[in-house]
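Worksheet for the structure shown next.
No hydrogens, no waters, no symmetry mates; every other heavy atom, side chains included, goes into these values.
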Amino acid sequence: EISSLSENDILVLRLDLTDRSSHEAATNSVLKHFGKIDVLVNNGGRSQRSLFVDTNLDVYNAIIELNYLGTISLTKHVLNHMIQRKKGKIVTVSSVMGIMGAPLATGYCASKHALQGFFNSLRTELTDYPEISIIQICPGPVQSQIIQNVFTENLAKSLENSGDQSHKMPTDRCARLTLVSVANDVKEAWISDHPYLAVCYLWQYAPTWAWWLMNRMGKRRIQNFKSGIDADASYSR
């Protein structure tokens, strides 16, 4: 409504990150329609709410298949095009869970740590292409449908009660800060309210204190989850 886009400027394709054999065709469809890809935003994935001791291993396989392997598969096909053009931006929505560890999300944290390591390494492989930007966005808790769609202790089970999400960062603020980060080629952006943002700094600069604090906060997080409220609700009140 506020832009000059026409119907030809918009193309919507169905995509399954776990069907890696379809990613090349999807990339080619976009290139056929637009002729180029300027920006790839990797924003597909699922979170987790379950304790490791209760969780089937096939849940961890599914998390890695979706959050990690699916993301780098799509990236590979788009990056080939950007290397030919010597230009582009690859933006990956990671998480503060890619910086720290937290209970109830062992598999999710692992997948986000994997993305952090992968894209930090990929950036060093692209030093001969200074106009290809590798940007990682690490949001904290944000108002979205992510909690309603989390992995639980087995693949067939959905979360029974997602709890109140109103205490989390508004979606439009997270989106705006993401756009600001992308426009300014910020290599890594932590987008979160306190206390999660403060905890990120602890994990980065004072990990011993972070481990001690997370042991205390983690107990409350598990208690909240078992009580049927949002796992992080008590830290924002």
With a 3.5 Å distance limit and no angle check, can you tell me whether [X] reaches the backbone of [Y] through a side-chain donor-acceptor pair?
X: Q136; Y: E188; answer: no
X: H194; Y: V199; answer: no
X: T178; Y: C174; answer: yes
X: H113; Y: G101; answer: no
X: N184; Y: V186; answer: no

Given side chains that start at C-beta, do those of [X] and [Y] come closer than 4.5 Å, heavy atoms only?
X: S192; Y: P139; result: no
X: F151; Y: Y60; result: no
X: I191; Y: V142; result: no

Salt bridge (charged side-chain N to carboxylate O under 4.0 Å, His left out) with [X]: which residues, sequence neighbours excluded?
X: E65; answer: R20
X: K86; answer: none
X: E131; answer: none
X: D193; answer: none

Quiz item: Which residue pairs satisfy the side chain to side chain donor-acceptor pair (under 3.5 Å) criterion with at least one member in residues 142-152, sequence neighbours excluded?
Solution: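 Applying side chain to side chain donor-acceptor pair (under 3.5 Å) to every pair that reaches into residues 142-152, excluding sequence neighbours, yields nothing.
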
Practice problem: Could you tell me which residues satisfy side-chain hydrogen bond (donor to acceptor under 3.5 Å, both in side chains) with S181, sequence neighbours excluded, listed by chain and number? | Solution: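 With neighbours one apart ignored, the set is empty.
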
Practice problem: For a side-chain hydrogen bond (donor to acceptor under 3.5 Å, both in side chains) with D38, tell me which candidate from K89, R85, K87 qualifies. | Solution: R85

